[in-house]
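In what follows, chains are A, B, ... by sequence order, proteins preceding strands, each numbered from 1.
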Number of protein chains: 2
Amino acid sequence: MNERILVSPADLMGDGVFETLHLRESGPWLLDQHLDRLARSAALLGLPPPPPVTPPAGQTGVMRIIYTRNLFHVGVSPIPDQVLRERRDGIRVLSAGLGVSAGRQPPWSLATAKSLSYASNFAARRWAARQGADDVIWTSIEGYALEAPTASIVWLAGEELGTVPWERAGILPGITAAHLLSLAPSVGLRPAPRMITLPELAEADAIWLASSVRGLAEVVTLDGTVRPRSPWTPRLLTLLGF
Amino acid sequence: MNERILVSPADLMGDGVFETLHLRESGPWLLDQHLDRLARSAALLGLPPPPPVTPPAGQTGVMRIIYTRNLFHVGVSPIPDQVLRERRDGIRVLSAGLGVSAGRQPPWSLATAKSLSYASNFAARRWAARQGADDVIWTSIEGYALEAPTASIVWLAGEELGTVPWERAGILPGITAAHLLSLAPSVGLRPAPRMITLPELAEADAIWLASSVRGLAEVVTLDGTVRPRSPWTPRLLTLLGF
């Protein structure tokens with residue numbers, strides 16, 4: 001992200017929406033789903049429907065769409081080495097209470113929108129890094145696992161491939177996770193969106209954080225406890241085209 | 001805010017801090033307190049200490065300091081008419097649960113930092129506007145009044161001038177409210193920072209939202225109930241130099 005954009009000070013208040021896509025040789029992966037979510041996020045922030053996007057040609061990497069009250073920006077940057085490393089080697093994850101109650105959000109809640117107000121997401125990951133971890137799983141006051149700062153939670157329990165239902169939990173609808181669950185039957189797994197407590201999650205056969213560019217990052221330690229690598233990680237990554 | 005600033009896309013993610021000051025003929029009001037809070041907010045976001053500020057000379061209005069990982073910006077804009085009107089005529093306020101537990105914030109919480117991630121603050125005020133109100137008082141899951149999207153709560157109960165203790169409540173430390181409470185004894189009132197439930201607050205003799213540029217905006221309706229105007233509003237505004 002070495003590009004520079006001319007903005008007004010009001011554009012710096014996090015009062016807009018964005019999407020991050022994996023820009024493949026075949027084009028932006030799951031583009032329609034990301035544009036749908038962008039439009040949904042925009043509506044939640046009281047923004048007009050976003051203008052159409054012309055995918056950048058002849059490039060691969062990270063494609064980011066940024067949309068505020070005064071600005072519509074599409075940029076491409078290389079995939080950070082860390083992202084590739086985490087996809088390959090997995091991640092060390094800490095759980096932490098977010099201090100919110102699942103499903104008790106205020107009427108104007110933006111918890112299901114991908115807003116630009118990302119300071120807390122970055123702060124959560126800095127907190128994890130200070131403790132030698134890579135990422136965080138947020139939990140609700142009731143003890144449910146919710147989501148990660150920049151990813152959805154996916155788990156395997158027997159033949160069930162689970163993820164947290166976004167509407168019930170009041171979290172961002174995860175595009176990669178939803179796509180993966182839709183493909184689950186093709187590899188003999190049963191899609192199972194449901195609420196899950198942290199102790200239940202810790203019992204799962206495998207846990208991943210799912211997002212567009214990282215794809216699936218397997219949780220190799222959870223709160224310091226080492227988890228065996230799952231044979232499903234390479235299979236599911238292949239299924240997603242990574 | 002017609003100025004334009006050259007930024008990188010990363011600066012648009014709300015990952016910075018800001019301050020808004022009342023720029024008076026005598027200079028920026030309570031400048032040292034705002035710079036202290038800016039530095040405190042910056043530390044909470046893992047930013048280096050902010051550079052020194054040279055106050056703009058020969059201008060009055062709204063002074064805004066914006067500080068991100070790549071940018072330090074000081075701008076001046078006129079005071080919006082609406083702000084002057086709300087200071088004079090008071091405001092219609094709705095209460096609404098924020099879905100958070102007072103004092104149960106996560107370890108990386110930015111609730112006490114003035115971060116640029118303001119989308120929810122704007123969304124809360126748009127929600128109020130859709131219902132014909134001007135502003136919102138946020139309450140915790142336990143029923144405590146916390147703060148407003150861009151202001152602190154101050155109330156008068158007998159001879160007590162109250163405000164919500166920021167550290168205990170996990171809210172932004174209000175500079176205008178703290179300054180007003182420090183001046184309370186000079187007008188025969190007793191400063192009383194304490195937690196207050198919404199029903200208790202509704203019983204107060206007067207309620208104000210306190211912020212740097214609006215000063216004090218008296219709550220003239222709370223959840224639709226009309227409140228008598230307080231003779232203290234002009235006295236306290238004068239005390240604050242408005």
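Ranked by heavy-atom pairs shorter than 4.5 Å toward chain B, the options A:L71, A:N70, A:V17, A:L98 are led by A:L98. Ranking A:V100, A:D11, A:L12 against chain B, the residue ahead of the rest is A:L12, based on heavy-atom pairs under 4.5 Å. Contact count versus chain B (heavy atoms, under 4.5 Å) is highest, among A:V7, A:V136, A:L110, A:I141, for A:V7. Most heavy-atom pairs under 4.5 Å with chain A: of the set B:Q105, B:R130, B:R69, this distinction falls to B:R69. In terms of heavy-atom pairs under 4.5 angstrom with chain B, the leader among A:A96, A:G46, A:P107 is A:P107. Among A:L116, A:I5, A:T68, the residue with the largest count of heavy-atom pairs under 4.5 Å with chain B is A:I5. Between chain A and the residues B:G75, B:S109, B:G97, the most heavy-atom pairs under 4.5 angstrom are made by B:G97. The candidate with the highest count of non-hydrogen atom pairs below 4.5 Å against chain A, out of B:A123, B:A113, B:A128, B:A111, is B:A123.
Side chain of B:S117 to backbone of A:A119: a donor-acceptor contact under 3.5 angstrom is found.
In this structure, A:W127 and B:W108 have tilted ring planes: the angle between them lies in the 30° to 60° band.
No more than 12 heavy-atom neighbours from other residues, nucleotides or ligands sit within 6.0 angstrom of CZ on A:R168. The number of heavy atoms from other shown groups lying within 6.0 Å of OH (A:Y118) is above 12.
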side-chain contact (heavy atoms from CB on, under 4.5 Å) between A:R4 and B:S8, worked out: CA-CA 5 Å; A:R4 307 287 280 173; B:S8 87; 3.8 Å; yes

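With a 4.5 angstrom heavy-atom cutoff, A:R125 does not touch chain B via any of its atoms. Interface remark: A:I66 contributes side-chain atoms only to the contact with chain B (heavy atom separation under 4.5 Å). For A:S115, the part sitting under 4.5 Å from any heavy atom of chain B is the side chain, from C-beta outward, and nothing else.
Looking only at side-chain heavy atoms (C-beta outward), A:P9 and B:H73 come within less than 4.5 Å of each other.
Pairing each heavy atom of B:R126 with each of A:L45, the nearest pair is NH2-O, 2.9 Å.
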